[in-house]
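In what follows, chains carry the letters A, B, and so on, assigned in the order in which the sequence lines appear, proteins first and then strands, with residues in each chain numbered from 1. As a basis for the values below, the full set of heavy atoms in this structure was taken, side chains included, without hydrogen atoms, waters or symmetry mates.
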Amino acid sequence: NAGVTQTPKFQVLKTGQSMTLQCAQDMNHNSMYWYRQDPGMGLRLIYYSASEGTTDKGEVPNGYNVSRLNKREFSLRLESAAPSQTSVYFCASRRAGQATYNEQFFGPGTRLTVL
Amino acid sequence: SQKIEQNSEALNIQEGKTATLTCNYTNYSPAYLQWYRQDPGRGPVFLLLIRENEKEKRKERLKVTFDTTLKQSLFHITASQPADSATYLCARNSGGYQKVTFGTGTKLQVIP
């Protein structure tokens with residue numbers, strides 16, 4: 001099993017450009033998440049999808065959109081990138097349901113720089 | 001808001017000693033707390049989960065405690081090794097079981 005995969009690993013954008021970050025998991029997990037991680041700020045939730053067909057805003061959703069394409073894939077789109085969106089983006093998945101299964105599995109991250 | 005704080009940004013400890021990391025939360029008690037390890041350039045990796053009705057949880061050299069009176073969780077690594085050097089993140093559930101809120105992490109360095 002590959003676990004959680006993210007593409008691309010690195011990306012440089014100019015202000016105003018758009019891009020989509022891709023995430024896929026092969027663990028048959030129900031829930032998927034997008035976080036950003038900035039120095040001194042920790043991991044902050046952007047959007048999440050509790051199950052296929054649903055998405056909800058997290059703590060910092062402005063400037064982002066998401067699509068839960070199917071159970072495996074959850075993409076994050078920046079429509080018009082801004083320098084404030086320079087960050088490391090992590091996708092995570094979780095086998096929802098019982099409290100026992102609340103651990104999240106993270107991908108390797110995408111390092112995004114917006115000039 | 002449901003905040004979670006890791007007071008120490010960095011902790012240096014001698015090899016072989018016990019490292020103790022602190023996580024404090026505000027407002028109501030979370031149903032559970034989680035601890036993750038993050039190495040540079042990588043995503044966090046889950047280590048332990050402790051529920052509010054559990055006082056202590058162990059896994060090999062790791063031990064986590066949950067004190068609802070102090071609103072605090074302690075994370076211990078006994079017989080620490082240089083390979084334990086990493087950033088450790090604490091997280092609490094928020095909004096039921098679907099989401100967690102992460103602390104900013106404590107960077108642990110184990111000195112040989």
- A/Tyr47-A/Tyr35 side chain donor-acceptor pair, cut-off 3.5 Å: no
- Query: Salt bridge between A/Arg77 and A/Glu79, side-chain N to carboxylate O under 4.0 Å?
  - Reply: yes
- Could you tell me whether B/Glu15 and B/Lys17 have a side-chain N and a carboxylate O separated by less than 4.0 Å? no
- Query: Under 4.5 Å, heavy atom to heavy atom, which residues of residues 35-43 of chain B contact chain A?
  - Reply: B/Tyr36, B/Gln38, B/Gly41, B/Arg42, B/Gly43
- Query: Does any heavy atom of chain B fall under 4.5 Å from the side chain of A/Leu45, the backbone, both, or neither of them?
  - Reply: side chain
- Answer yes or no: is there a donor N or O on one side and an acceptor on the other, between the side chain of A/Ser49 and the main chain of A/Ser31, under 3.5 Å? no
- Query: Using non-hydrogen atoms only, which part of B/Leu89 is less than 4.5 Å away from chain A: side chain, backbone, both, or neither?
  - Reply: side chain
- Item | Heavy atoms of other groups near A/Met27 CE, more than 12 under 6.0 Å | yes
- Query: Hey, are A/Asp56 and B/Lys99 close enough for a salt bridge, meaning a charged N less than 4.0 Å from a carboxylate O?
  - Reply: no
- Message: Strictly below 4.0 Å, N to O, side chains only: are A/Arg44 and A/Asp38 in salt-bridge contact?
- Response: yes
- Note on the structure: Honestly, the part of B/Val45 sitting under 4.5 Å from a heavy atom of chain A is neither
